[in-house]
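What follows is one structure encoded as structure tokens, with my remarks underneath.
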Amino acid sequence: MKIYQTNEIKNISLLGSKGSGKTTLAEAMLFECGVIKRRGTVEAKNTVSDYFPVEKEYGYSVFSTVFYAEFLNKKLNVIDCPGADDFVGNAVTALNVTDTGVILVDAQYGVEVGTQNIFRTTASLKKPVIFAINQLDGEKADYDNTLEQMKEIFGKKVVPIQYPLACGAGFNAMIDVLLMKKYSWGPDGGVPTIEEIPAEEMDRAHEMHQVLVEAAAENDETLMEKFFEQGHLTEDEMREGIRKGLVDRSIFPVFCVSALKDMGVRRMMEFLGNVVPFVNDMPAPVDTEGNEVKPDSNGPLSIYMFKTTVEPHIGEVQYFKVMSGTLNAGADLDNITRGGKERLAQIYCVCGQIKNPVDKLCAGDIGATVKLKDVRTGNTLDEKGCEIAFDFIKYPAPKYSRAIRPVTESDAEKLSAILTRMHEEDPTWEIVQSKELKQTILSGQGEFHLRTLKWRVENNDKLPIIFEEPKIPYRETITKAARADYRHKKQSGGAGQFGEVHLIVEPYSEDAPLPDTYRFGNQEFKMNVRDTQEIPLQWGGKLVVHNCIVGGAIDARFIPAIVKGLMDRMEQGPLTGSYARDVRVCVYDGKMHPVDSNEISFRLAARNAFSEAFRNANPKVLEPVYDVEVMVPSDVMGDVMSDLQGRRAIIMGMHSENGFEKIQAKVPLKEMSSYSTALSSITGGRSSFTMKFASYELVPGDVQEKLLKEYAEKHSDD
């Protein structure tokens, strides 16, 4: 295989909503380049892209697939990404290591929520975008309506390169207004017949050609002047103008294809080869120090590991992008992220599960390697003396969580290793061993996301697992001051146990003055603060302990034990066993015994005194509340609003955005447990949402009463 230089390499992401035809388009692209001799189909489960067992089982893409095509003496590295929103992490990864996004739009359904979501990602990363209207041969296909939708949502930068002469079963021809030619195909697609534009289409073609010329000229002052002088541009000048427009996102060209029938695919690939920016045409990425790292084949060698898969009979396959320098097979590199050294004994250009060995890869190229010792997704490997590191991929926050455990408890360690491995394959799976909830919490992008993981664990790793509703990380606090004392006394032969603690609790607030005087009933308690400990809590808030003991009632050596007793109850609140927060405690009196007092006695006394005072201080349970944004089509907005209100949501605002309605709300986490499934059901999969932790808020009285009752029943035997 030829060694391609940086200025001969183009990196492209294949994107779009679920069912838009990306895998089928990938097959057609590979067929047109001669990489495969026969196109596979999703139904026959023999495509280059969807080759993992879980993908064949479910019939849709779960992982992104890397493949390359040699076309017009260029190398096109393409990453075919899953369309389902649950697997968005693959698209985020792909867009970060490629330079252009080709977004497929289904001509039968127009612009879907998934299309908008992925377009927003391209905008945030400032990546060029090409649209391909696919499935023009579908019975419900409507090119004009789809194009109008695209212009309405994505703006006037959407400029057609082609338009079909007919949609539906009769689709077999289109007009290319860049080349000003008619393309037509036989029933089996493939190589087109190229003819002059028919007279009846000439007016429309000229009008669209003029719009395209103006859009191309806008991106270059020289071209603009020439356009004003001559009224037209040459084909090469238009290509140059479009390339510049792609780089600064001032033009979004639109192509027409039928991936299934291989119509229009070769023409689109010609555009990718001739017009799409090369690696070195794009802004250089920056390292962790904020320095630009240009893709220079003669620069210091640095590669970024962006993807990991585990394949049968091979093990871990690590995919990388050469960020700088030239990588040779057998290179010894330093892992800048984790430390240690790695030898890349063999490097490959990859086409699905086919791996072709190569001797070297230049800056900007994408490849894979195997059998590395200790490399993780997101690591940077450099040659000796180079200290470049990258960390530029930011993944979306999870939306759906479940507690996970093995059916057989003894398999817990095995499950942990499997989950760690799967996180490497898909970083949007998050695994947390929650000490607070005493559960392993698995979070992802949706129910399908987690269901896919469950299938893989049970079928590939042969480990039965159980998903359960995750517990909610409630918090406990108090709203007024209260007093309590407790004597711990135990005598069982020999030395006994004795400790007595008197304390006052009250809500903690920033900048509160030191405690002075408290009144409970007819008694007044004056505080004389001798020492203060402020303990920031890992789970938020603080515990502040004032030592107000006078006259040596409790020896100073027992104060740490008292603080430990208070922390015991802060870690397991008296109401529901949840973490407590924002409490101020004044320890003002007590008693000790010259022989029987010890640390455990005062720890237990403090714990019980705190519990009693806490319960008398008008305690409240707090619940986590999230900021939720929901994007919905206007025709189902009422149903979505009703569902949110049934989840105790507080609607914060609503407004239209690109043809969809955006609802902003604050919703308790408890009510979001299965929201992704419910929203999909209500809207037919046409909506999406994001959620982000906002704050802890008081639960309603009836909810608190229910929580306390459940906790009391569960611990009635304690």
Side-chain angles (χ1 to χ4, degrees), residues 398-405 432-443 466-482 484 505-508 537-543 565-585 607-628 643-650 665-675 678 691-718:
K399 305 173 186 174
Y400 186 88
S401 298
R402 283 293 177 266
I404 182 173
R405 63 180 177 87
V432 175
Q433 300 285 349
S434 176
K435 175 186 172 185
E436 174 186 4
L437 304 179
K438 298 179 177 62
Q439 291 179 313
T440 299
I441 305 298
L442 174 67
S443 301
I466 295 172
F467 278 161
E468 297 173 324
E469 192 87 7
K471 298 171 185 174
I472 301 299
Y474 293 107
R475 298 288 181 264
E476 300 178 14
T477 194
I478 55 177
T479 59
K480 71 174 187 178
V505 300
E506 65 178 340
Y508 163 78
L537 304 169
Q538 293 179 359
W539 51 89
K542 284 184 178 179
L543 167 66
L566 299 176
M567 278 300 297
D568 287 344
R569 273 291 168 251
M570 294 294 286
E571 291 183 1
Q572 188 174 359
L575 302 183
T576 63
S578 305
Y579 288 147
R581 58 177 288 167
D582 297 328
V583 180
R584 185 161 83 165
V585 182
R607 184 192 301 179
N608 286 287
F610 179 84
S611 294
E612 184 181 341
F614 194 98
R615 291 193 182 96
N616 294 330
N618 194 22
K620 296 293 183 182
V621 176
L622 307 172
E623 64 180 342
V625 174
Y626 279 66
D627 286 325
V628 177
D643 179 72
L644 281 171
Q645 288 164 348
R647 297 173 185 273
R648 297 193 281 128
I650 299 174
K666 290 188 179 294
V667 191
L669 178 61
K670 173 70 174 175
E671 307 298 335
M672 293 297 293
S673 174
S674 299
Y675 186 62
M691 56 187 288
K692 183 180 179 182
F693 174 75
S695 60
Y696 271 92
E697 304 292 342
L698 295 174
V699 301
D702 58 329
V703 176
Q704 176 163 321
E705 189 176 329
K706 182 181 178 183
L707 290 171
L708 266 60
K709 185 178 179 182
E710 288 175 353
Y711 185 75
E713 289 174 353
K714 189 175 179 180
H715 294 80
S716 58
D717 297 332
D718 291 357

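This is a predicted model, so every value here is computed, not measured.
To the nearest 0.5 Å, atom NZ of residue Lys542 and atom CE of residue Met570 are 12.0 Å apart. For the atom pair Glu506 CD and Thr479 OG1, the distance stands at 12.0 Å (nearest 0.5 Å). Distance check: Ser578 OG to Glu436 CD gives 6.5 Å after rounding to the nearest 0.5 Å. Gln433 contributes atom CD, which lies 3.5 Å from atom OG1 of Thr440 (distance to the nearest 0.5 angstrom).
The shortest side-chain heavy-atom distance between Tyr474 and Leu575 does not fall under the 4.5 Å cut-off. By the 4.5 Å heavy-atom criterion applied to side chains, Glu612 and Asn608 are not counted as neighbours. Within the 4.5 Å cutoff, side-chain heavy atoms of Val628 are placed close to those of Met672. Looking at heavy atoms from C-beta onward, Pro473 lies in side-chain contact with Leu437 at the 4.5 angstrom threshold. Inter-residue side-chain proximity for Val667 and Met691 is flagged as unmet; no heavy-atom pair is nearer than 4.5 Å. You'll find the side chain of Tyr711 stays beyond 4.5 Å of the side chain of Lys714, heavy atoms only.
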For this session: Please test Val625 against Tyr696 for side chain to side chain contact (heavy atoms under 4.5 Å, CB included), starting from the C-alpha separation and ending with a verdict.
Result: CA-CA 6 Å; Val625 174; Tyr696 271 92; over 6 Å; no

Problem set entry | Criterion side chain to side chain contact (heavy atoms under 4.5 Å, CB included) on Trp539 and Arg475, from CA distance to verdict | CA-CA 9 Å; Trp539 51 89; Arg475 298 288 181 264; 3.4 Å; yes

For this session: Please report the C-alpha distance between Leu543 and Met567 in whole Å, then the side-chain angles of each, then the deciding distance to 0.1 Å, and finally whether the side chain to side chain contact (heavy atoms under 4.5 Å, CB included) criterion is met.
Result: CA-CA 8 Å; Leu543 167 66; Met567 278 300 297; 3.7 Å; yes

Exercise. Stepwise, does the side chain to side chain contact (heavy atoms under 4.5 Å, CB included) test hold for Glu671 with Leu669?
Worked result: CA-CA 5 Å; Glu671 307 298 335; Leu669 178 61; over 6 Å; no

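Other residues, nucleotides and ligands contribute at most 12 non-hydrogen atoms within 6.0 Å of the CD atom of Glu705. The environment of Gln538 atom CD is sparse: at most 12 non-hydrogen atoms of other residues, nucleotides or ligands sit within 6.0 angstrom. Under a cut-off of 6.0 angstrom, the local environment of CD1 in Ile650 is sparse, with at most 12 non-hydrogen atoms contributed by other residues, nucleotides or ligands. Within 6.0 Å of NZ on Lys670 lie no more than 12 heavy atoms contributed by other residues, nucleotides or ligands.
In the model, Tyr579 has no side-chain atom that pairs as donor or acceptor with a side-chain atom of Arg581 under 3.5 Å. Using a 3.5 Å distance cut-off with no hydrogens or angles, the side chains of Ser695 and Glu697 do pair a donor with an acceptor. Side-chain contact of Arg402 with Ser674: a donor-acceptor pair under 3.5 Å is present, judged by distance alone.
With hydrogens and angles disregarded, no donor-acceptor distance shorter than 3.5 Å links the side chain of Asp582 to the backbone of Pro507. Judged by distance alone, with hydrogens and angles left aside, the side-chain atoms of Glu571 form no donor-acceptor pair with the main-chain N or O of Leu566 at under 3.5 Å. Looking at Arg405, its side chain never comes within 3.5 Å of a backbone N or O of Ile466 through a donor-acceptor pair. At least one donor-acceptor pair closer than 3.5 Å links the side chain of Glu476 to the backbone N or O of Thr576. At least one donor-acceptor pair closer than 3.5 Å links the side chain of Gln439 to the backbone N or O of Lys471.
In terms of heavy-atom proximity, Pro398 sits nearest to Ser443 at CB-CB, 3.6 Å. Contact between Ser611 and Pro574 at its shortest, heavy atoms only, is CA-CG, 4.0 Å.
Taking the charged nitrogens against the carboxylate oxygens, Arg647 and Asp643 do have a contact shorter than 4.0 Å, which makes a salt bridge. At a threshold of 4.0 Å, the pair Arg607-Asp568 counts as salt-bridged, since one of the basic side-chain nitrogens sits closer than that to a carboxylate oxygen. Remark: Glu623 engages Arg648 in a salt bridge, criterion side-chain N to carboxylate O under 4.0 Å.
Screening Leu707, Ile472, Thr477 for a side-chain contact (heavy atoms from CB on, under 4.5 Å) with Val621, the sole residue that qualifies is Leu707.
In this pair, Tyr626 and Phe693 present their aromatic rings perpendicular. The plane angle is above 60°, beyond the 30 to 60° band.
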